Amino acid sequence: MKSIHEAWLLFWHSVEHWACWWLPKARSCTRTKPPSSSSKPDPGLKFFSTPPPPTPTPLLSHSLIPTAGIGAAPTIFDSNHFSVIGARLSIPDPILPLPDPGPEVQMLTKFETKSNRVKGLSFHSKRPWILASLHSGVIQLWDYRMGTLIDRFDEHDGPVRGVHFHKSQPLFVSGGDDYKIKVWNYKMHRCLFTLLGHLDYIRTVQFHNEYPWIVSASDDQTIRIWNWQSRTCISVLTGHNHYVMCASFHPKEDLVVSASLDQTVRVWDIGALRKKTVSPADDILRLSQMNSDLFGGVDAVVKYVLEGHDRGVNWAAFHPNLPLIVSGADDRQVKL
């Protein structure tokens with residue numbers, strides 16, 4: 001009898017403790033354990049009948065997303081919550097239903113500038129800095145924690161569409177409508193040199209994570225790979241028949257992905273280029289071979305041509321770890 005009584009008390013205590021979770025229409029638990037006297041009060045603490053929202057993680061640089069657009073205000077969002085901080089994500093005629101952004105809705109930082117368009121953005125890998133390239137031709141360096149303008153660089157003749165920080169060196173690269181690629185040293189506050197070769201607007205520029213390379217995409221329908229140490233063009237990738245809107249290196253493999261208004265995404269194999277390009281001296285020795293083999297050489301070959309978009313493709317990017325590519329186009333579709 002005693003054991004039955006103890007079992008009944010144990011069952012009733014469990015029912016009483018968890019009753020709030022079984023109420024079919026309960027919005028909150030009416031019986032909760034009071035916080036201990038040693039714990040600090042949390043004014044934002046709430047109890048829900050469903051699992052509470054996750055605790056926000058610290059805002060590290062890898063969890064922040066900068067955005068640029070026709071407006072004059074670069075904005076930083078927090079990607080830890082998988083939502084746009086400051087506004088709910090919405091697009092005309094969405095292809096897939098969008099998730100609820102959740103209760104955390106706050107804009108982290110907003111920078112105001114006199115230029116009417118922000119064309120490119122880049123995070124620094126270690127410092128709380130962000131580069132903003134403007135339609136006015138100015139490149140601005142911001143501290144996004146303090147919300148202050150640190151420096152400005154003004155040598156391009158016309159809009160600057162692409163900008164990118166080097167991973168470890170005090171350098172950044174920019175490309176603009178003046179057909180010029182400029183490599184800058186932000187510690188010296190000046191442009192080190194200019195790379196010439198493109199015949200139309202330059203859309204994007206990017207440093208390689210390991211090699212002394214820069215990849216650039218242009219409206220001249222080509223992608224060029226440069227050695228910034230020898231200051232020479234080491235390969236020209238041809239095959240697109242419209243503006244090349246972006247091009248980027250794979251973070252680990254010898255691949256380049258590009259997107260074009262010809263409605264295709266192309267993946268290029270640059271393994272042969274890596275084997276041939278060992279040092280700046282090797283680049284100079286093989287310049288004659290590159291010039292004779294400029295259009296259609298074997299340094300970089302098309303590995304895949306991805307078709308499926310009905311209009312021009314504006315962006316394509318590699319997944320950092322998985323064998324995935326994401327693309328976005330004027331057909332209002334995002335494809336994997």
Side-chain angles (χ1 to χ4, degrees), residues 120 122-127 129 131 133 139 141 151 153-156 160-176 178-199 202-218 220 222-238 244 246-258 268-295 297-301 318 320:
S122 177
F123 270 121
H124 194 279
S125 59
K126 298 178 181 178
R127 298 178 182 271
W129 291 352
L131 280 171
S133 59
I139 302 169
L141 177 60
D151 207 344
F153 308 87
D154 186 7
E155 286 193 22
H156 277 284
V160 184
R161 298 181 182 272
V163 68
H164 189 244
F165 270 119
H166 193 278
K167 184 178 180 180
S168 57
Q169 300 292 328
L171 305 174
F172 68 88
V173 60
S174 61
D178 54 5
Y179 313 168
K180 296 177 182 178
I181 297 173
K182 291 181 177 290
V183 176
W184 310 74
N185 186 310
Y186 55 76
K187 287 187 176 180
M188 300 173 65
H189 308 281
R190 67 182 183 90
C191 175
L192 299 179
F193 54 88
T194 301
L195 302 174
L196 300 175
H198 279 298
L199 305 176
I202 298 170
R203 295 284 179 170
T204 63
V205 287
Q206 183 198 31
F207 281 111
H208 195 279
N209 286 338
E210 181 180 354
Y211 311 132
W213 293 353
I214 294 171
V215 64
S216 58
S218 172
D220 64 8
T222 69
I223 302 143
R224 289 177 179 255
I225 299 177
W226 313 76
N227 187 312
W228 58 265
Q229 290 181 342
S230 62
R231 306 181 184 183
T232 57
C233 178
I234 58 176
S235 186
V236 179
L237 286 59
T238 62
V244 184
C246 74
S248 60
F249 291 113
H250 191 281
K252 299 177 182 179
E253 302 181 27
D254 295 328
L255 298 173
V256 170
V257 64
S258 61
W268 310 79
D269 187 339
I270 57 173
L273 180 64
R274 177 185 58 82
K275 294 177 182 178
K276 295 178 68 174
T277 307
V278 180
S279 66
D282 294 331
D283 294 334
I284 298 174
L285 289 175
R286 74 179 201 85
L287 272 178
S288 59
Q289 177 182 354
M290 187 203 72
N291 291 332
S292 62
D293 204 27
L294 196 60
F295 297 96
V298 296
D299 289 347
V301 296
F318 288 113

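All figures in this text were calculated on a predicted structure; none of them were measured in a lab. For this chain, numbers begin at 1 and follow the sequence in order.
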Exercise. Are side-chain heavy atoms of Ile234 and Asp299 found at a separation under 4.5 Å?
Worked result: no
Exercise. Roughly how far, to the nearest 0.5 Å, is CG of Asp178 from CD1 of Ile202?
Worked result: 7.0 Å
Problem set entry | From Lys275 atom NZ to Ile270 atom CD1, the distance as rounded to the nearest 0.5 Å | 12.5 Å
For this session: Could you tell me which residues satisfy side-chain hydrogen bond (donor to acceptor under 3.5 Å, both in side chains) with Lys252, sequence neighbours excluded, listed by chain and number?
Result: Asn321
Seminar exercise, completed: Trp268 and Thr238 have their tightest heavy-atom pair at CH2-O, 3.3 Å
Please tabulate, one pair per line, all N/O donor-acceptor pairs under 3.5 Å involving side-chain atoms of residues 190-199, not counting sequence neighbours.
| from | atom 1 | to | atom 2 | distance (Å) |
| --- | --- | --- | --- | --- |
| Thr194 | OG1 | Lys182 | NZ | 3.0 |
| His198 | ND1 | Asp220 | OD2 | 3.0 |
| His198 | NE2 | Ser216 | OG | 2.7 |

Exercise. Hey, what do you get for NE2 (His208) to CD1 (Ile214), rounding to the nearest 0.5 Å?
Worked result: 12.0 Å
Seminar exercise, completed: Heavy-atom nearest pair, Val205 first then His164, reads O-CB, 3.5 Å
Seminar exercise, completed: Checking Ile181, Val183, Val215, Thr232 against Trp226 for side chain to side chain contact (heavy atoms under 4.5 Å, CB included), the one that qualifies is Ile181
Exercise. Does His166 have any ring-ring contact (aromatic ring centres under 6.0 Å, His included) partners at least two apart in sequence or in another chain, and if so, which?
Worked result: Phe207, Trp228
For this session: Look only at the side chain of Ser125 and the backbone of Lys167, and say whether a donor-acceptor pair between them is shorter than 3.5 Å.
Result: yes
Exercise. Nearest heavy-atom pair of Ser133 and Gly162: which atoms, and what distance?
Worked result: OG-N, 4.3 Å
Exercise. Tell me, do Tyr186 and Leu131 make a side-chain contact under 4.5 Å, heavy atoms counted?
Worked result: no
Exercise. Looking at Ala247 and Val256, what are the two nearest heavy atoms and their distance?
Worked result: CB-CG1, 4.4 Å
Exercise. Taking the side chain as C-beta and beyond, is there a heavy-atom pair between Trp184 and Val163 under 4.5 Å?
Worked result: no
Seminar exercise, completed: In terms of heavy-atom contacts, Gly271 and Asp269 come closest through N-OD1, 2.8 Å
Exercise. SG/Cys246 to CD1/Ile223 distance, rounded to the nearest 0.5 angstrom?
Worked result: 9.0 Å
Exercise. Just by modelled atom types, is the Phe165 backbone N or O under 3.5 Å from a matching donor or acceptor in the Ser122 side chain?
Worked result: yes
Problem set entry | Check against side-chain contact (heavy atoms from CB on, under 4.5 Å), Phe172 and Leu141 | CA-CA 11 Å; Phe172 68 88; Leu141 177 60; over 6 Å; no
Exercise. Does the side chain of Thr222 come within less than 4.5 Å of Arg224's, by heavy atoms?
Worked result: yes
For this session: Kindly give the heavy-atom pair with the smallest separation between Val160 and Gly175, and that separation in Å.
Result: CG1-O, 3.5 Å
Problem set entry | Tyr211/Phe249 under side-chain contact (heavy atoms from CB on, under 4.5 Å): CA gap, chis, key distance, verdict | CA-CA 11 Å; Tyr211 311 132; Phe249 291 113; over 6 Å; no
